[in-house]
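What follows is a single structure, written as structure tokens, with notes after it.
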Protein chains: 2
Amino acid sequence: MKELVSRCPIEEVMQVLGGRWPTLLIYYLQDGTKRFSDLRRDNPTISHKMLALELRKLEEVGIVQRTEFGGYPLRVEYDLTPAGQRLVPLIDALGDWWDDVAGANEESRPAGTERAAMS
Amino acid sequence: MKELVSRCPIEEVMQVLGGRWPTLLIYYLQDGTKRFSDLRRDNPTISHKMLALELRKLEEVGIVQRTEFGGYPLRVEYDLTPAGQRLVPLIDALGDWWDDVAGANEESRPAGTERAAMS
DNA sequence: TCATGGTTACAAAAAGGTGCGTAATTTACC
DNA sequence: GGTAAATTACGCACCTTTTTGTAACCATGA
């Protein structure tokens with residue numbers, strides 16, 4: 001039973017942004033409007049179900065805007081809301097921080113674990 | 001043990017900071033040096049297993065410094081490393097962002113503002 | 001028949017909790 | 001004097017809960 005609505009905003013953010021996909025989806029949505037299938041192409045390892053779930057979650061908390069166009073095949077577009085866009089630099093800052101830390105760690109770590117930058 | 005080598009720093013940060021505990025522990029460690037039992041007191045709902053696991057993880061990535069003092073009963077102290085301290089304002093910024101979003105969501109939301117439909 | 005954006009059911013995997021064991025020394029007790 | 005309990009920071013095994021993956025199904029216009 002989880003009825004613990006946390007007293008801490010940070011705990012709440014992490015409930016939304018933690019996990020593997022949310023920040024990635026936000027990252028890809030920076031480029032502009034994306035459709036369901038676009039996002040799957042951007043991130044081929046996410047399952048159909050997860051993508052639907054995560055998008056719904058992001059929509060519910062107001063990070064993502066879902067726009068449904070009539071007609072068939074159904075067409076749906078996803079964008080970052082203004083709130084979502086305000087989030088982007090914060091996430092980027094975390095990425096930069098991590099690069100810093102990882103860079104420092106690499107000096108004392110055996111080779112073999114390399115990372116490549118995203119395009 | 002699984003070694004997920006991701007292409008994206010953000011994905012990696014989230015693997016470390018995502019989840020329920022890491023940010024909370026960092027939050028409490030802002031106050032200064034803490035011992036294992038202090039952290040359990042700060043956060044009574046974490047199990048000793050989880051606390052140990054999370055602390056080790058944070059130590060491994062260089063956010064937390066673990067200092068073991070000899071003697072018995074064993075005594076261990078935890079602090080934020082400089083990198084960990086640099087992380088704090090970033091986490092705080094996320095918290096502020098969330099307060100913003102949550103505040104906006106709670107406020108009046110007249111029907112019809114959200115769903116956009118085009119034909 | 002295919003494509004799009006879903007949903008649902010079932011299965012597998014990961015995360016998390018509980019409780020016991022451990023170490024070396026002090027203190028508490030018979 | 002000898003023994004037992006308590007202390008601190010975990011590790012480990014076992015079990016439950018939560019999350020995620022897989023695959024199948026839906027609607028329908030072209």
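Sequence lines set the chain letters: A, B, ... in the order given, protein chains first and strands last, and positions in each chain run from 1. In this text the structure is predicted, and so the values were computed from the model without any measurement.
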Send over the distance from [X] [atom1] to [N] [atom2], rounded to a whole Å.
X: A:Glu68; N: D:dT28; atom1: CD; atom2: C1'; value: 14 Å
X: B:Leu53; N: C:dA14; atom1: CG; atom2: C1'; value: 13 Å
X: A:Met50; N: C:dT7; atom1: CE; atom2: P; value: 12 Å
X: B:Lys57; N: C:dA14; atom1: NZ; atom2: P; value: 15 Å
X: A:Ile46; N: D:dT20; atom1: CD1; atom2: C1'; value: 10 Å
X: B:Lys49; N: D:dA13; atom1: NZ; atom2: P; value: 11 Å
X: A:Trp21; N: C:dA14; atom1: CH2; atom2: P; value: 13 Å
X: B:Leu51; N: C:dG17; atom1: CG; atom2: C1'; value: 14 Å

Under a 3.5 Å distance rule, please check whether [X] uses its side chain to pair with a backbone N or O of [Y] as donor and acceptor.
X: A:Thr33; Y: A:Tyr78; value: no
X: A:Arg40; Y: A:Ile46; value: yes
X: B:Asp99; Y: B:Asp96; value: no
X: A:Asp100; Y: A:Trp97; value: no

By nearest atom, which of the nucleotides C:dG16, D:dG11, D:dG21 is closest to the B:Arg56 side chain? D:dG11
Can you give me the closest heavy-atom contact between A:Met14 and B:Gly19, atom names plus distance?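 Reported closest heavy-atom pair: CB-O, 3.9 Å.
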Each nucleotide N or O in nucleotides 2-5 of chain C that has a protein N or O under 3.5 Å away: list the pair and distance.
| residue | atom | partner | partner atom | Å |
| --- | --- | --- | --- | --- |
| C:dT4 | O3' | A:Arg35 | NH2 | 3.3 |
| C:dT4 | O3' | A:Leu74 | O | 3.1 |
| C:dG5 | OP1 | A:Arg35 | NE | 3.1 |
| C:dG5 | OP1 | A:Arg35 | NH2 | 3.1 |
| C:dG5 | OP1 | A:Val76 | N | 3.4 |
| C:dG5 | OP2 | A:Ser37 | N | 3.3 |
| C:dG5 | OP2 | A:Ser37 | OG | 3.2 |

With sequence neighbours excluded, give me every ring-ring contact (aromatic ring centres under 6.0 Å, His included) pair touching residues 36-57 of chain A. A:Phe36-A:His48
Answer with base, sugar-phosphate or nothing: what part of the nucleic acid does A:Arg40 contact at a heavy-atom distance below 4.0 Å?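 Contact class for A:Arg40: none.
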